[in-house]
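The next block holds one structure in the form of structure tokens; read it before the comments.
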Amino acid sequence: GSWPAIWLLGDESKNKWPDCGEIDIMEHIGNNQDVVYGSLHYPERFGGNADSDTVPVPGVSNNFHVYSVEWNAQTIKFFVDGVEFHSYNNNSNSPFNDPFFIRMNIAMGGTFGGNIDPNFTESMMEIDYIRVYQ
């Protein structure tokens, strides 16, 4: 039921979600070990219908990994350890042309996170660094 995430959210003071856009750089759910999700949420694709893909990452919870997004006016590409696993053709009508805020969290349960093991006691998300290039 744990659900760590590194993500970007558009400015909700201008447009509410999903109109402001969301870029999930990394999501991992404890009930599905060794799988990493990369997703985009926007007016046509959000919630359970997000523009998403997954990549197997053996031992994802036991080792550090590099999660990356290369984002420009033409494309948004998702990577784990330098390997591309999802891409999106950006365009002038998408919400991905405005500034976004970096967010990190560990959620618990919910529709995506699933049931929380009754024996669950703790979870941790360690981040070594965050780099933003413009």
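Because the structure is a prediction, the values reported are computed rather than measured. Values reported hereafter were calculated over all heavy atoms of this structure, with side chains retained and with hydrogens, waters and symmetry mates removed.
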- Mind listing the closest non-hydrogen atom pair of Phe78 and Asp24 along with its distance? CE2-O, 3.2 Å

- Task: Output the distance between atom CD (Glu44) and atom OG (Ser94), rounded to the nearest 0.5 Å.
- Result: 9.0 Å

- Note on the structure: Taking every heavy atom of Lys77 against every heavy atom of Ser87, the minimum-distance pair comes out as CG-CB, 4.1 Å

- Which of Asp81, Val80, Ile29 passes side-chain contact (heavy atoms from CB on, under 4.5 Å) with Val36? Answer is Val80

- Message: With a 3.5 Å distance limit and no angle check, can you tell me whether Asn91 reaches the backbone of Asn93 through a side-chain donor-acceptor pair?
- Response: yes

- Task: Could you tell me the separation between the CG atom of Leu8 and the CE atom of Met104, rounded to the nearest 0.5 Å?
- Result: 10.5 Å

Show me the side-chain donor-acceptor pairs of residues 50-60 shorter than 3.5 Å, one per line, residues at least two apart or across chains.
residue, atom, partner, partner atom, Å
Asp51, OD1, His86, NE2, 2.9
Asp51, OD2, Tyr42, OH, 2.9
Ser52, OG, Gly38, O, 3.3
Ser52, OG, Ser39, OG, 2.6

- Polar side-chain atom of Asp19 near backbone of Pro43 as donor-acceptor pair, under 3.5 Å: no

- Query: For Trp3 and Glu27, does a side-chain donor sit closer than 3.5 Å to a side-chain acceptor?
  - Reply: yes

- Query: How far does CG of Leu9 sit from NE2 of His41, to the nearest 0.5 angstrom?
  - Reply: 10.0 Å

- Task: Kindly work out whether a path of hydrophobic side-chain contacts (I/L/V/M/F/W/Y, heavy atoms less than 4.5 Å apart) joins Tyr129 to Phe64.
- Result: no

- Item | side chain to side chain contact (heavy atoms under 4.5 Å, CB included) evaluation trace for Asp98 with Asp11 | CA-CA 8 Å; Asp98 293 316; Asp11 186 351; over 6 Å; no

- Assess whether atom CG of Asn89 is packed by more than 12 heavy atoms of other residues, nucleotides or ligands within 6.0 Å. no

- Message: Quick check against the 3.5 Å criterion: does Asn32 have a side-chain atom that pairs as donor or acceptor with the backbone of Val35?
- Response: no

- Task: Group every Ile, Leu, Val, Met, Phe, Trp and Tyr by side-chain heavy-atom contacts under 4.5 Å, then state whether Val69 and Trp7 land in the same group.
- Result: no

- Cut-off 3.5 Å, side chains only: do Ser61 and Gln33 have a donor facing an acceptor? yes

- Message: Could you check whether any side-chain N or O of Asn90 sits under 3.5 Å from a backbone N or O of Asn97, counting only pairs where one atom can act as donor and the other as acceptor?
- Response: no

- Message: Before we go on, tell me: are the rings of Tyr88 and Phe96 under 6.0 Å apart, centre to centre?
- Response: yes

- Task: Would you kindly confirm whether Ile130 and Ile76 end up in one hydrophobic cluster when ILVMFWY residues are joined by side chain heavy atoms under 4.5 Å apart?
- Result: yes

- Could you give me the CA-CA distance, side-chain angles and deciding distance for Lys14 and Cys20, then say whether side chain to side chain contact (heavy atoms under 4.5 Å, CB included) is met? CA-CA 7 Å; Lys14 294 180 181 179; Cys20 64; over 6 Å; no

Determine all donor-acceptor pairs shorter than 3.5 Å in which one atom belongs to a side chain in residues 111-126; sequence neighbours excluded.
residue, atom, partner, partner atom, Å
Asp117, OD1, Asn119, N, 2.7

- Item | Reported CD1-to-CZ distance for the pair Ile25 and Arg103, which is rounded to 0.5 angstrom | 13.0 Å

- Message: On the six-membered ring of Tyr133, is Arg131 placed so that its NZ or CZ lies under 6.0 angstrom from the centre and within 45° of the ring axis?
- Response: no

- same_hphob_cluster(Ile102, Met26) at 4.5 Å side-chain heavy-atom cutoff: yes

- Query: Which ILVMFWY residues are connected to Phe79, directly or by a chain of links, through side-chain heavy atoms under 4.5 Å apart?
  - Reply: none

- Message: Same cluster or not: Tyr67 versus Trp71, using hydrophobic residues (I, L, V, M, F, W, Y) connected whenever any side-chain heavy atoms lie under 4.5 Å apart?
- Response: yes

